[in-house]
Amino acid sequence: MADQVIAQRWTDACLAQLAGGVGPDGRVLPGKGWVALRRLGWGAVAPVGVVVSDRVRRVAEEEAARALRLSTSRRLVVVALLSTWPRNPAQRTDQEWSTLRRSLPDGVDSATIRNRTRQITAWVTRCDRLPVDMCELEAAPGVARQVSLAAADRQLVRVQRVDDRMVRVWVQLPVCPLPGSYADWVWHALTVRVPATMPGTPTVCTPTLRPAVDGVRVDLPWRVDHIPSTLMGHTRAVGADWGVNTLLTGTFADSDGSGGSSLRAMGGPLRFDATGVSSKFVRLRRHREQLNTKIDHLTRLVQGRPAAAVPDPALLTKLMRLRTEHETVCARIRHLNRALAWSAARWLVDHATTADATVIYLEDLTTLEARSGSRSLNRRLSGAVRGQVSTAVHHLATKAGVAVVRVPARGTSSCCPRCGATVRHVKAPDRLVAGYRWTTCGCGLSADRDHAAAQRIAARGLANQTRTRRDPTTGGGIIRTAIDAPIHPHRPRRRKKTPGAAAPSRPRRDRRKNGPTRQQVRPATFRCSPLLPSRRQTPAPADSPQAVTGKRPAGRLPQETHPGLQVPTTIPTRPHRVRGALLGHGFHHLVHATPVPTAKRPNR
């Protein structure tokens, strides 16, 4: 029913009328989608022979209204691009950019302009002309397989709180695919077990039902009262930089509240290194691509057989087994992404709360893109699950009372955080050749690349607090345009010497060598390195196949166990914890993160 409404109203005139916000009678359209559609005369109609209540039609109209209202924002961008379409869209001049910016609505970022420009360019290449409007440029959007019960009332759905860990949802559902009368609609009780992460006293809202293969999934939202964090007036912040090898690199910064005239970087870098997890992602993706290749090959073999031929049972069995394995690998990738994202978010928020920081500044994800055209770099950027990390940081920071503000990402790694000049990237401070890891500048800066970028992000956020605006999509803050300010390292003040007071004398350490060098005693049990040497040769055991040649490469065999040697396992006995939260159960041995101090840092 919702798809039918969208297909009938997928015209530029209807989208413009909905975007105008005024009905045919001159009244302003209400915020509820189904009420707005009924005022416009776009109500949903049930299929022939199917009897549904008015509440069911409300649910369908609400789904259609949400999809159409999302399309109105894209329509404004497409209209502005078509009206100012340049001769060469890949290289617009300054005058063309200024004309386009005046035509676009407020708040449109560069990523949206770039994506819509590519969409129109592909249409022009295919049809050799510009599209008339957005409805010709793209097809009508489809509605997800879900039932949003927020538009219904108590005659269709009821939510009952049984106890702190149990919620019962009563909803009227049909007992047959095509209900012919109201007698086919009966009440069903869906028992939902509340997870332990949910507090005991929230307000449970109307759920959303999603049919699945194994039953019905219930998306049960809940609401708690909280005060939105302020976006201005911060004096201590955490700046976080997205890295390629290191997922997150953070640093602390302080301001005296004078608008960016005195910014100080506090302490060393905070690193959340997920290189081991990235390597696991590469292996899983490679396995998934191999399975896709095999599935495509077997599918072509099955479809290429004559229609009258009997399908090969062994071929079908193998194809089914490969598809099941492919689904399993995809599920492992999704679960690993989610665990990594929430672990990184918890680590960053814990550092902010421990240091009494009131705001976290992140790079704007919509402005990040690999412009080199490298497929491997694009895979590494997409595998960092930055979107999930950003969502998790917003969620956890809101619960902790810490603001999250996104700042522009342009120039954070290419310019110096102290003087603003273009920096030079080298391999290491003692290897001044072209590289990626280290940053040097003529003003004397010599620091890690990601640490310098994190300092610049923190300084950009603290210096442009008056430009911060509330983002309606995430509830956090966003800075569209920023003016950079220099940030200097914090140097602790030296204690002044009292005139006439003698300095306390310290006993000097005797550094003379008056005896033999003490030998280092190694323990009997130690952890060996997983990297085995391949050059040094040792005598082979008598019962091994290498005994014929007499020697084999040094190191242990995977099947043998040496006495007095503790073989490293994949699950350590003491997993690393961040203030009570595991760094992702199952992959904590692959993550190296700066530990969160147990005590809060003193205010400086």
Side-chain angles (χ1 to χ4, degrees), residues 1-76 133-135 138-159 169-188 190 204-212 216-221 223 472-473:
M1 293 167 61
D3 286 334
Q4 183 180 3
V5 174
I6 295 176
Q8 292 176 355
R9 303 301 173 182
W10 189 247
T11 60
D12 189 71
C14 293
L15 293 180
Q17 186 179 6
L18 183 62
V22 180
D25 53 356
R27 293 187 298 172
V28 178
L29 295 178
K32 292 184 178 181
W34 66 274
V35 181
L37 292 192
R38 291 193 177 184
R39 187 170 294 180
L40 291 172
W42 300 353
V45 180
V48 179
V50 177
V51 177
V52 298
S53 63
D54 182 70
R55 279 75 184 173
V56 177
R57 293 196 301 113
R58 290 183 188 179
V59 173
E61 292 163 357
E62 182 67 26
E63 290 286 349
R66 293 179 181 182
L68 291 175
R69 281 179 169 174
L70 286 176
S71 303
T72 55
S73 59
R74 301 199 305 270
R75 173 186 169 274
L76 296 177
D133 49 28
M134 192 194 72
C135 297
E138 59 183 47
V143 179
R145 291 179 54 84
Q146 64 182 15
V147 182
S148 299
L149 300 175
D153 55 8
R154 292 179 59 87
Q155 297 187 17
L156 184 65
V157 58
R158 298 179 183 180
V159 181
V169 180
W170 294 89
V171 59
Q172 280 193 1
L173 297 176
V175 294
C176 58
L178 301 176
S181 63
Y182 289 109
D184 296 332
W185 292 81
V186 299
W187 286 95
H188 291 72
L190 307 179
V204 181
C205 304
T206 308
T208 298
L209 306 183
R210 293 185 292 110
V216 178
R217 304 294 177 89
V218 181
D219 295 339
L220 187 65
R223 182 178 64 249
T473 58

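None of the values given here were measured: they were computed from a predicted structure. Counting from 1, the numbers follow the sequence of the chain as shown.
- Taking every heavy atom of both residues into account, Q146 and R210 meet most closely at CB-CG, 3.7 Å.
- Exactly one of V157, L156, V186 qualifies for a side-chain contact (heavy atoms from CB on, under 4.5 Å) with Q172. That residue is L156.
- In this structure, the separation between CD on E61 and CH2 on W42 is 12.0 Å, given to the nearest 0.5 Å.
- Residues L29 and V22 have side chains not in contact (no heavy-atom distance under 4.5 Å, counting atoms from C-beta outward).
- Using a cut-off of 4.0 Å between Lys/Arg side-chain N and Asp/Glu carboxylate O, R66 and E62 are scored as salt-bridged.
- Atom CH2 of W170 has 12 or fewer neighbouring heavy atoms from other residues, nucleotides or ligands inside a 6.0 Å radius.
- Within the 4.5 Å cutoff, side-chain heavy atoms of T208 are placed close to those of S148.
- Atom-to-atom distance recorded for D153:CG and R158:CZ is 9.5 Å, nearest 0.5 angstrom.
- Within the 4.5 Å cutoff, side-chain heavy atoms of L190 are placed close to those of V171.
- Summarising the geometry, atom SG belonging to C205 is positioned 12.5 Å from atom CG belonging to D219; distances are rounded to the nearest 0.5 Å.
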Query raised in the report: Passes side-chain contact (heavy atoms from CB on, under 4.5 Å), R9 versus Q17? Steps please.
Result: CA-CA 11 Å; R9 303 301 173 182; Q17 186 179 6; over 6 Å; no
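- Taking each heavy atom of I6 and P141 in turn, the nearest pair found is CG2-O, 3.7 Å.
- The shortest heavy-atom contact between H188 and L173 is CE1-O, 3.4 Å.
- Although no hydrogens or angles enter the test, the distance criterion places a donor-acceptor pair under 3.5 Å between the side chain of S71 and the main chain of A67.
- For C135 against D12, the heavy-atom pair with the smallest separation is SG-N, 3.5 Å.
- Atom CE of M134 and atom OG1 of T11 lie 10.5 Å apart (nearest 0.5 Å).
- Across every non-hydrogen atom of W10 and R74, the tightest pair is CH2-NH2, 4.2 Å.
- The shortest distance between side-chain heavy atoms of D25 and R39 falls below 4.5 Å.
- Taking every heavy atom of both residues into account, R58 and A151 meet most closely at CD-O, 3.7 Å.
- For the atom pair R55 CZ and L149 CG, the distance stands at 13.5 Å (nearest 0.5 Å).
- In this structure, L68 CG and L40 CG are separated by 10.0 Å, a value rounded to the nearest 0.5 Å.
- Under a 3.5 Å cut-off, the side chain of D3 and the backbone N or O of V143 do form a donor-acceptor pair.
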